[in-house]
Amino acid sequence: MNTLKEAKIGQTVKVVKLHGEGAVKRRIMDMGLTKGVTVTVRKVAPLGDPIEVTVRGYELSVRKADAAMIEVEDA
């Protein structure tokens, strides 16, 4: 299982599944990270947290803990 946390800078991936429960999963979905959407990793902060991605045409910063809950595959 690959997660968004493991994706490299410049890599484009497709969301396969969201793990997590309740409010956390809902927040991730509200940010536009839903099943089937493509995500491009733009930048990673010097200490690795947060990860900046492009999703649905806008820039989004995602914490490593949240990125670890997003299962992805190569687009």
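Scope of the values below: all heavy atoms of this structure, side chains included, with no hydrogens, waters or symmetry mates. Residue numbers start at 1 and run along the sequence shown.
- Taking Ile, Leu, Val, Met, Phe, Trp and Tyr as hydrophobic and joining them when side-chain heavy atoms fall under 4.5 Å apart, one finds V72 in a cluster with L4, I9, V13, V15, L18, V24, I28, M29, M31, L33, V37, V39, V41, V44, I51, V53, V55, Y58, L60, V62, M69, I70.
- Take S61 and apply the side chain to side chain donor-acceptor pair (under 3.5 Å) test, not counting sequence neighbours, and it matches no residue.
- Take E71 and apply the side chain to side chain contact (heavy atoms under 4.5 Å, CB included) test, not counting sequence neighbours, and it matches M1, V16, K17, H19.
- With sequence neighbours left out, the side chain to side chain donor-acceptor pair (under 3.5 Å) criterion links E52 to no other residue.
- When every heavy atom of K8 is checked against every heavy atom of Q11, the shortest pair comes out as N-OE1, 2.9 Å.
- A 6.0 Å sphere centred on CD of E21 holds no more than 12 heavy atoms belonging to other residues, nucleotides or ligands.
- For T38, there are no side chain to side chain donor-acceptor pair (under 3.5 Å) partners, not counting sequence neighbours.
- Within 6.0 Å of CZ in R27 there are more than 12 heavy atoms belonging to other residues, nucleotides or ligands.
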Check your understanding: Would T34 and R56 count as a side chain to side chain contact (heavy atoms under 4.5 Å, CB included) if you check the C-alpha gap in whole Å, the side-chain angles of each, and the deciding distance to 0.1 Å?
Key -> CA-CA 10 Å; T34 56; R56 299 180 190 263; 2.6 Å; yes
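- Counting all heavy atoms, side chain and backbone alike, D49 lies closest to A45 at O-CB, 3.5 Å.
- Shown here are the side chain to side chain donor-acceptor pair (under 3.5 Å) partners of E6, two or more places apart in sequence or in another chain: there are none.
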